[in-house]
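In what follows, a single structure is set out as structure tokens and then discussed.
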There are 2 protein chains.
Amino acid sequence: MKLSTKGRYAVMALADIAKFDGERPVSLRDISLRQGISLLYLEQIFSMLKKNQIVTSVRGSNGGYKLTKSPEQIKISNIFSAVQENIKTVGCKKESKKGCNGKSAKCITHNLWDELELHINEFFNKKNLSDLVKGKNENRV
Amino acid sequence: MKLSTKGRYAVMALADIAKFDGERPVSLRDISLRQGISLLYLEQIFSMLKKNQIVTSVRGSNGGYKLTKSPEQIKISNIFSAVQENIKTVGCKKESKKGCNGKSAKCITHNLWDELELHINEFFNKKNLSDLVKGKNENRV
DNA sequence: TATAAACTTGACTATTTTAGTATGGTATAT
DNA sequence: ATATACCATACTAAAATAGTCAAGTTTATA
């Protein structure tokens, strides 16, 4: 089980904006240089973030992206769902007729994975962008 | 982010043993039929579980596997580490010299992923096999 | 108004991981 | 004897990941 880069990069990039946000929007080029993420890949990610109203864009020279809300109001869970980084502990949920593993009933471990998902989602619901840029992280890149 | 089948199947199979355990060891064939998991794949998984002393094997006709400890003593985290289902939220830990993304310092989101890992591991440390076979799950396959 | 800097879109692809199969054994209870 | 188990290594199809490539459009500013 591992987190994909899409989710991680999205959070990193938005944290970067939260940190360097001012009058001017933050350009993807700057984020790319500071965070070491491919510019082209960032463009893909920000396209999704924009569609989901996490950021707004300013076009043209000296343009870039701005957060639509304050960092406190942007939860990690919001970011993850925007870039479709979702927690899938078990693959048997869609086939409602057949249940887990093609058996008629739910598998013995079903509740366990449900609980785990709940746990993780709670964690991401409690954390927001400002948690990342304040405090201990101030000396980070 | 999703759980691989290896970890899920290992837990399912062991829960199956915990449920049907008696005088005789439980055969992989039975587990395969009850849980709908490929026999050959189960063999691979059980090879790892045996190496890590989660189960012991009884060879020959009417042979099978038995848990080495009582279900209460077998934590989900033990099972996961045995089959190498590990939580990897971030890929930058190995390269201690370079830090995240090849930058000199830890990335701004590093603590977040660490916290998440801690959270998930705690969850798996608290849960054991007997949690799965007792109570609400009794009517499960 | 030229143009560089920035965003937009869609298609494409190499690599890695996953989720198993296939093959060919060895051991032992009955 | 032999069927029923376990053991080990190698192989592979399919999916996901982590991007790249190409070809634009838009707009601030010199």
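If you're wondering where the values come from, they're calculated on a predicted model, not measured in any experiment.
- What separates CG of Asn62(A) from P of dA6(C) is a distance of 7 Å, to the nearest Å.
- Close to dA5(C), at under 4.0 Å from its OP1 or OP2, lies no side-chain N or O of Ser27(A).
- Aromatic ring orientation, Phe46(B) versus Tyr65(B): tilted (interplanar angle from 30° to 60°).
- Taking atom CZ on Phe46(B) and atom P on dC7(D), their separation rounds to 11 Å, with Å as the unit.
- Between Glu85(B) and Ser4(B), the side chains place a donor N or O and an acceptor N or O closer than 3.5 Å (distance only, hydrogens not considered).
- The structure places CG of Leu67(A) at 10.0 Å from CG of Leu49(A), a figure rounded to the nearest 0.5 Å.
- Per the geometry, CD1 belonging to Ile31(B) stands 13 Å off C1' belonging to dC6(D), to the nearest Å.
- Note on Tyr65(B): only backbone sugar-phosphate atoms sit closer than 4.0 angstrom, heavy atoms only; bases stay farther off.
- No side-chain heavy atom of Met12(B) sits under 4.5 Å from any side-chain heavy atom of Asp16(B).
- Residues from residues 48-60 of chain A with heavy atoms under 4.0 angstrom of DNA chain D, sorted by number: Arg59(A), Gly60(A).
- Here dA28(D) presents its P atom at 12 Å from CZ of Arg24(A), a figure rounded to the nearest Å.
- In Gln84(A), the CD atom is not crowded: 12 or fewer heavy atoms of neighbouring residues, nucleotides or ligands sit closer than 6.0 Å.
- When all heavy atoms are compared, the tightest approach of Leu129(B) to Ala15(B) is CD2-N, 3.8 Å.
- Looking at Ile79(B), Ile87(B), Val11(B), Asn78(B) one by one, the single match for side-chain contact (heavy atoms from CB on, under 4.5 Å) with Phe124(B) turns out to be Ile87(B).
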So which protein N/O to nucleotides 12-19 of chain C N/O distances come out below 3.5 Å?
residue, atom, partner, partner atom, Å
dA19(C), OP2, Thr5(B), N, 2.8
dA19(C), OP2, Thr5(B), OG1, 3.1
dA19(C), O5', Thr5(B), OG1, 3.3

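- Atoms NZ and CD1, from Lys75(A) and Ile54(A) in turn, are 10.5 Å apart once rounded to the nearest 0.5 Å.
- The base of dT21(C) is paired with the side chain of Gln44(B) by a donor and an acceptor separated by under 3.5 Å.
- Rounded to an integer number of Å, the gap from Ile45(A) CD1 to dA18(D) C1' is 10 Å.
- To the nearest angstrom, P of dT9(D) lies 14 Å from CD of Glu43(B).
- Not one side-chain nitrogen or oxygen of Ser61(B) sits closer than 4.0 Å to the OP1 or OP2 atom of dT2(D).
- The separation between Leu42(A) atom CG and dC21(D) atom P is 16 Å, rounded to whole Å.
- Taken to the nearest 0.5 Å, the CG atom of Asn86(A) stands 8.5 Å off from the CD atom of Glu117(A).
- Rounded to whole Å, the distance from CG on Leu40(A) to C1' on dA22(D) is 10 Å.
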